[in-house]
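The first residue in the sequence is number 1, and the count goes up from there.
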Amino acid sequence: MKRTLTVEVHTRVDVAEALAGRKAKAWGVAPDHTLWWLADGGREGDEVLHHAEDWDTWERFALPREAPDFHFVQPLPGDEVLLVNARCSYRSEKEHERNAWVYSREGTLLRALTLGDGIADVQTTADGQVWVSYFDEGVIGNRGWGRGDAASTPMGADGLVRFNALGLRQESGVSMALGLEEIIVDCYALNVASEQETWFYSYTDFPLVRLRPGRPSTVWQSPVRGAHAIVVSDTHVLFGGGYEDRCELQLFSLYDKGHQRLGPVARVVLTDETGRPWQPTRLEGRGAWLHGAEGTRHFRVDLAELMARAAAT
C-alpha cells in the first residue's frame, strides 16, 4: 500500500492516576464506547474502573479478595459487570470450571458461568448478548477439552460463539457464514458493532465476515495477514496490526470498482498531540470506532474521519 495518511489523535484519557501504580489486568470497550479497566489490587482485592468521555472522575468498585484473575471486562444490562478469564479447565461431564463471573456495581458476585477455554476476546451488546472469540487452543482443545468424546468437545470449537447473559449458548450463524469447507482455527479479530451486526476475521485464510440476523452473511477475501483489530462501516474496513508490524493500520474500501472486494485506500499513521506516532499496546474495534491504548494513555478515532481525510487528500 503506497499511500500514507497521517492523522493527529489526542489522548482521550490517561488511566495512570486511577491505577495509582497498580498493574492493569484487563481492559474493555463497552457498546456505548465507555472504558473499563481492571486494576490489580493484590491482597486488597482487584478494583474495576469505569470511565466515560465527559466524566471528570472514574466510577469504581472493589471485587472480593477471593475473586480469581480475569482478562476481559464488559458491562451487561441491569448494572451488571462481566469479568472473564481466558483459560478454563474441563473437569468432568457434569462439572466445568467457571471462568466468567458476573458482579453487581457494588462488587457482589451474582453468578458464575463457563464460557470455555482459549478465549481471545469478549464483547457484549446493550441487550445482553455475549460474543466470545477463541484462539486455537480453545477451538482444537486443551486443559482437558477435546479428548475425543462428545462431552469434552471444546465450547469454542466454532471459533466464535454467542451466549446470553446467563451463559447459555445462542445461534450465531458463524458456521453457515463460512460454509462447509471453511473453519475458524483462530479468531484473530472481533467487532460487535451492534445488537444486529457482528464482524470477525480469522485464521487460516483470513476472511472478513459480516453477520446480520435474518440476512445473508457477507464474506470478503483479505490480503491482510495477522491483523488483531478490525474497524468497520458499510463502505470501509480498517485493519489494525499484522504479522510484520503490530501497530500498522491499513484502510480498505469494501467495494472496489463496483465489485465486492477489498480495495486499498491508504496506510494510516496516527500521531499524538506531540507529533509522535502512537505505538498502541492494545487495539479494539467497536463498530466504526478504533480504540487503542499505549501504556496507560487511551485514544479513539472515528473511521468516518479517516475516510473524510482520505477523500480530501
Side-chain angles (χ1 to χ4, degrees), residues 25-28 31 38 67-77 80-103 109-125 127-192 195 198-204 207 209 211 213 217 228 230 284:
K25 300 173 71 173
W27 175 75
L38 180 63
D69 284 336
F70 297 109
H71 304 106
F72 308 98
V73 54
Q74 287 284 283
L76 288 172
E80 296 180 348
V81 180
L82 173 69
L83 291 137
V84 181
N85 190 299
R87 307 315 305 251
C88 173
S89 297
Y90 176 87
R91 293 172 175 167
S92 71
E93 183 176 350
K94 296 182 179 180
E95 182 184 4
H96 304 147
E97 183 179 6
R98 306 295 186 183
N99 65 321
W101 292 25
V102 179
Y103 290 90
L109 177 63
L110 302 175
R111 57 190 179 275
L113 318 171
T114 300
L115 299 183
D117 185 46
I119 293 176
D121 198 4
V122 179
Q123 293 188 12
T124 61
T125 63
D127 64 358
Q129 300 174 49
V130 181
W131 286 87
V132 181
S133 64
Y134 299 83
F135 56 85
D136 53 0
E137 291 182 22
V139 175
I140 299 167
N142 197 359
R143 301 193 176 213
W145 299 93
R147 299 183 305 185
D149 57 292
S152 69
T153 298
M155 295 183 70
D158 288 342
L160 177 62
V161 179
R162 182 170 68 97
F163 298 90
N164 66 14
L166 298 178
L168 300 177
R169 187 174 182 137
Q170 309 292 297
E171 177 56 47
S172 66
V174 171
S175 298
M176 185 177 296
L178 289 174
L180 297 177
E181 297 181 358
E182 297 288 341
I183 62 170
I184 299 174
V185 176
D186 191 324
C187 191
Y188 269 48
L190 172 67
N191 185 324
V192 180
E195 295 91 336
T198 297
W199 298 68
F200 69 90
Y201 162 88
S202 60
Y203 183 82
T204 58
V209 183
L211 301 174
S217 59
H228 52 276
I230 49 174
E284 185 89 329

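Using modelled atom types, no side-chain atom of Arg162 and backbone atom of Gln170 make a donor-acceptor pair closer than 3.5 Å. Checking side-chain atoms of Thr114 against main-chain N and O of Gly116 turns up no donor-acceptor pair under 3.5 Å. Judged by distance alone, with hydrogens and angles left aside, the side-chain atoms of Glu80 form no donor-acceptor pair with the main-chain N or O of Leu82 at under 3.5 Å. In terms of modelled atom types and a separation under 3.5 Å, the side chain of Asp158 and the main chain of Val161 share no donor-acceptor contact. Remark: the backbone N or O of Arg169 is not paired with any side-chain donor or acceptor of Asn164 at under 3.5 angstrom. Under the 3.5 Å distance criterion, the side-chain polar atoms of Arg91 are left unmatched by any main-chain donor or acceptor of Gly144. The backbone N or O of Glu97 sits nowhere less than 3.5 Å from a side-chain atom of Ser89 that would complete a donor-acceptor pair.
The two atoms that bring Thr124 and Pro31 nearest to each other are O-CG, 3.2 Å, heavy atoms only. Minimum heavy-atom separation, Pro154 to Val139: CG-O, 3.6 Å. Considering all non-hydrogen atoms of both residues, Cys187 and Ala120 come closest at O-CB, 3.9 Å. Here the closest heavy-atom approach between residue Phe200 and residue Ile184 is recorded as CE1-CD1, 3.5 Å. Here the shortest heavy-atom pairing between Asn85 and Ile119 reads O-CD1, 4.0 Å. Contact between Gln123 and Leu190 at its shortest, heavy atoms only, is NE2-O, 3.1 Å.
When Gln74, His228, His71, Glu284 are each tested for a side chain to side chain contact (heavy atoms under 4.5 Å, CB included) with Asp121, only one passes: Glu284.
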Inset, instruction - Kindly indicate, with the supporting measurements, whether the criterion side-chain contact (heavy atoms from CB on, under 4.5 Å) is fulfilled by Leu76 and Val130. - result: CA-CA 9 Å; Leu76 288 172; Val130 181; 3.9 Å; yes
Inset, instruction - Show the numbers, then the answer: is there a side-chain contact (heavy atoms from CB on, under 4.5 Å) between Ser172 and Trp131? - result: CA-CA 9 Å; Ser172 66; Trp131 286 87; 3.8 Å; yes
Inset, instruction - Quick one: do Tyr103 and Leu110 satisfy side-chain contact (heavy atoms from CB on, under 4.5 Å)? Show the steps, please. - result: CA-CA 5 Å; Tyr103 290 90; Leu110 302 175; 5.8 Å; no
Inset, instruction - Walk me through it: do Leu109 and Trp101 pass the test side-chain contact (heavy atoms from CB on, under 4.5 Å)? - result: CA-CA 7 Å; Leu109 177 63; Trp101 292 25; 3.8 Å; yes
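Contact of the Leu115 side chain with the Phe163 side chain is registered, since non-hydrogen atoms from C-beta on lie closer than 4.5 Å. For the pair Val209/Trp199, no side-chain contact is recorded, criterion being any heavy-atom separation below 4.5 Å from C-beta on. Two residues are said to be in side-chain contact when any heavy atoms from C-beta on lie closer than 4.5 Å; Phe72 and Leu83 fail this criterion. In this structure, the side chains of Lys25 and Asp69 come closer than 4.5 Å at one or more pairs of heavy atoms. Counting heavy atoms from C-beta on, the side chains of Val102 and Val81 never come closer than 4.5 Å.
Evaluation of the ring-ring contact (aromatic ring centres under 6.0 Å, His included) rule for Tyr201 yields Phe206, Phe239 as partners, not counting sequence neighbours.
Salt bridge status for Arg87 with Glu137: present, with a side-chain N to carboxylate O gap under 4.0 Å.
A distance of 10.5 Å separates OG1 of Thr204 from CG of Asp186, quoted to the nearest 0.5 Å. One finds the CD atom of Glu195 at 4.5 Å from the CG atom of Asp127 (value rounded to the nearest 0.5 Å). We find the CG-OH distance between Asn142 and Tyr90 to be 14.5 Å, quoted to the nearest 0.5 Å. Distance CG/Asp117 to SG/Cys88: 6.0 Å, rounded to 0.5 Å. A distance of 15.5 Å separates CZ in Arg143 from OG in Ser152, rounded to the nearest 0.5 Å. Interatomic distance, CD1 of Ile183 versus CD1 of Ile140, reported as 7.5 Å (0.5 Å rounding).
Ring centroid separation for the pair Trp145 and His96 comes in under the 6.0 Å cut-off.
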